Amino acid sequence: MEDCLRIRQEILGHDDLATAKALNNLGMALCKAGQTTRAILTLQQALKIRRRHLESCHSLIATSLKDLGSAYLDNRLWENARIALEDCLQMRRTIFGDRHAATASVYDKLGEVYERQELYHEALEMVKSSLQCRRTRMIEATNANPNTSNASMKTSEEQAADTELDEREYPYAVSTYKDIQYAQSSRLEQEKEIDFRRDALRAAEGKLSSSNVPKTAKESVRVDLAFLMDNLAIALRKNKEYDEAVVLHEKALALREANLGANHSLTAQTLHNLGVTLRERGDTLRSINCLSRALDAYVSKLGSKHRLPAEVLSQLGLSCMVNGDLESSIEHLRKSYLITRTIEGEYEPETASAAENLGVALQRHGKYAEARELHEKALRIRKNKLKKRHIAFWSSYENLSQCYVQLQQWENAVTSLEELVTRMEDFYGELHPITADWYDRLAYACEQNGELDKASQAYRRSLRTRSYSDENPLTPQSLFNLGVS
């Protein structure tokens, strides 16, 4: 593609629409290769040329905006992606209308951006709009087909109700089901997420068995099939349905190794996902094997200084930690942290997560002072970058409180535990057993810090929570703690 671009630039110049097309194609190829920074610069050039030569609301400008938004998304530049995709959506609605497949695809992509920005209501609305768009097109296609029985005799409302199941067989519904995961998973509606992903997989399998789908389209579906299996497996893993998740990951891996080869980046992605699922199921040795293979494949394609190898190193470090190999765990997690800090920046949420993982391994190894520094850094980044109620703060305060207790820094321990307990009360309520456990830890820290009144109050809260259930076996422990305090 770079040769094609160079030839067009030499013959037509750097400011021709044909050159813009070559730049856009090259940009998308760079995205697929993981070179997102180069891709963004290339796509920006294409967009500038098209804006100079075309009307302000032109389909090619909309295409450039969508491709550029996707590149921003891959590079985790959420706000840039949102602006580009919202502009694209406005253009496509003007040019094609609300019911066109081109408009639906932007709804899907914009929904993903909103999810990344924690705008969960907006994300779900985008995906619903996409699904409604495709449902409407299916109704129109059914009405236009004279062989469809009784279609013309039904009202539009009745037809819409009928499509609730039929749309799952409709080829263009696949991408909507593939993308609706973002909003559903963010709203903690795991069962709905699993249902939608199952529907996506069924729709793709239906396309493969259909005689009405061209062979070229089937080839594309075969590529998507492994993706859909992988993503259904991830949803099942989140729901702790590990056995089915492992089976699906293994099927996806077999497809990708057969079609793409052992060292392809998508094969590495499936190995990565399988490795994480195996660890959560308790099969740490197989997890380490899969993650090591994923790391080798990524490094062979992308080099070691890339986001994807850094993510695998992090998961490999966690698997080694679970397996009791703390030295290897710290080595992998330190590499992941250094790469992430270089690529993402010193003060980004991804760097905070990498610092936290390394801190946890150092805690396990008894290196509490170094672990505390990393957890404090992660907390500072999150306070600056995330919303106050973000769930990532839970692990920050929990890990910090454990370090402070081990270092006998009781005042800091009390502060961290108070923050954590407040968040748990908001989420679970005062009468949840998990909240009671943390009341006990807060009370102990208060005792050690000489705040006996606070300790007594925390123990009373723990007792009230546990005695809410007459048969709670920990109620006597709460009574004992209160008596001692």
Side-chain angles (χ1 to χ4, degrees), residues 188 238 240 280 282 318 321-322 324 326 352-353 355-380 382-383 386-485:
L188 305 178
K238 287 192 292 184
K240 302 188 186 304
E280 294 192 15
L318 294 175
M321 181 166 58
V322 173
L326 292 177
S353 297
E356 181 175 76
N357 288 337
L358 176 57
V360 170
L362 290 166
Q363 277 178 253
R364 295 278 186 94
H365 208 266
K367 299 181 180 181
Y368 299 111
E370 186 180 356
R372 180 201 63 202
E373 291 177 6
L374 287 162
H375 290 314
E376 286 175 341
K377 177 174 183 174
L379 180 59
R380 285 195 301 272
R382 286 168 174 167
K383 282 182 174 179
L386 303 178
K387 294 182 179 180
K388 290 182 180 180
R389 295 173 63 87
H390 197 285
I391 198 154
F393 285 107
W394 288 36
S395 59
S396 280
Y397 286 120
E398 180 178 347
N399 291 322
L400 269 174
S401 68
Q402 291 171 359
C403 285
Y404 290 141
V405 167
Q406 292 296 331
L407 294 168
Q408 298 186 8
Q409 297 177 353
W410 300 112
E411 185 176 353
N412 290 337
V414 169
T415 302
S416 294
L417 287 165
E418 284 177 335
E419 286 281 354
L420 184 58
V421 166
T422 299
R423 292 167 188 275
M424 288 190 167
E425 284 178 346
D426 289 343
F427 189 81
Y428 292 114
E430 287 190 17
L431 299 178
H432 196 283
I434 292 177
T435 313
D437 292 340
W438 287 97
Y439 283 140
D440 284 340
R441 299 188 195 195
L442 172 59
Y444 176 74
C446 289
E447 273 189 288
Q448 298 302 312
N449 200 42
E451 300 177 74
L452 299 183
D453 288 342
K454 267 190 178 182
S456 177
Q457 186 180 11
Y459 280 135
R460 287 181 188 279
R461 286 185 174 184
S462 172
L463 176 61
R464 184 171 70 249
T465 301
R466 284 177 172 150
S467 60
Y468 183 73
S469 171
D470 294 335
E471 299 179 357
N472 193 316
L474 292 176
T475 300
Q477 180 64 48
S478 291
L479 284 166
F480 175 77
N481 291 336
L482 181 58
V484 170
S485 68

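Computed from a predicted structure; not experimentally measured.
Using modelled atom types and a 3.5 Å distance limit, the side chains of Gln409 and Tyr368 yield no donor-acceptor pair.
Put simply, SG on Cys446 and CD on Glu411 are 11.0 Å apart, with the number rounded to the nearest 0.5 Å. Rounded to the nearest 0.5 Å, atoms CG (Leu374) and NZ (Lys367) are 11.5 Å apart. Ser456 OG to Glu447 CD: the interatomic distance, rounded to the nearest 0.5 Å, is 9.0 Å. Atoms CG and CD, on Leu417 and Glu398 in that order, are 9.5 Å from each other to the nearest 0.5 Å. Rounded to the nearest 0.5 angstrom, Arg364 CZ and Leu326 CG are separated by 7.5 Å. Within the model, atoms SG of Cys403 and CD of Glu370 stand 10.5 Å from one another, a figure rounded to the nearest 0.5 Å.
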Report the C-alpha separation of Asp453 and Gln457 in whole Å, then their side-chain angles, then the decisive distance to 0.1 Å, and conclude whether the side chain to side chain contact (heavy atoms under 4.5 Å, CB included) test is met.
-> CA-CA 6 Å; Asp453 288 342; Gln457 186 180 11; over 6 Å; no

I would like to know whether His375 and Gln363 meet side chain to side chain donor-acceptor pair (under 3.5 Å); could you show each step before the answer?
-> CA-CA 10 Å; His375 290 314; Gln363 277 178 253; 2.5 Å; yes

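Here the closest non-hydrogen pair linking Ala436 and Ser462 is O-OG, 3.5 Å. When all heavy atoms of Ala392 and Arg382 are compared, the pair lying nearest together is O-NH1, 3.2 Å. Counting all heavy atoms, side chain and backbone alike, Ala352 lies closest to Ala378 at O-CB, 3.5 Å. Scanning all heavy atoms of the two residues, the minimum distance from Gly359 to Ala371 falls at O-CB, 3.3 Å. Scanning all heavy atoms of the two residues, the minimum distance from Met424 to Thr435 falls at O-OG1, 4.1 Å. Nearest heavy-atom pair, Leu420 versus Trp394, reported as atom, atom and distance to 0.1 Å: CD1-O, 3.6 Å.
Side chain of Asn399 to backbone of Ser395: a donor-acceptor contact under 3.5 angstrom is found.
Residues Phe393 and Leu379 meet the side-chain proximity criterion, which asks for heavy atoms closer than 4.5 Å. Contact annotation: the side chain of Gln402 approaches that of Arg441 to within less than 4.5 Å [non-hydrogen atoms, C-beta and beyond]. Here the side chains of Met321 and Leu318 are in contact, with some heavy-atom distance below 4.5 Å.
Tyr397 does not carry Arg423 over the face of its six-membered ring by the limits of under 6.0 Å from the centre and within 45° of the normal.
Checking each of Asn412, Thr415, Val414 against Tyr404 for a side chain to side chain contact (heavy atoms under 4.5 Å, CB included) leaves exactly one that passes, namely Asn412.
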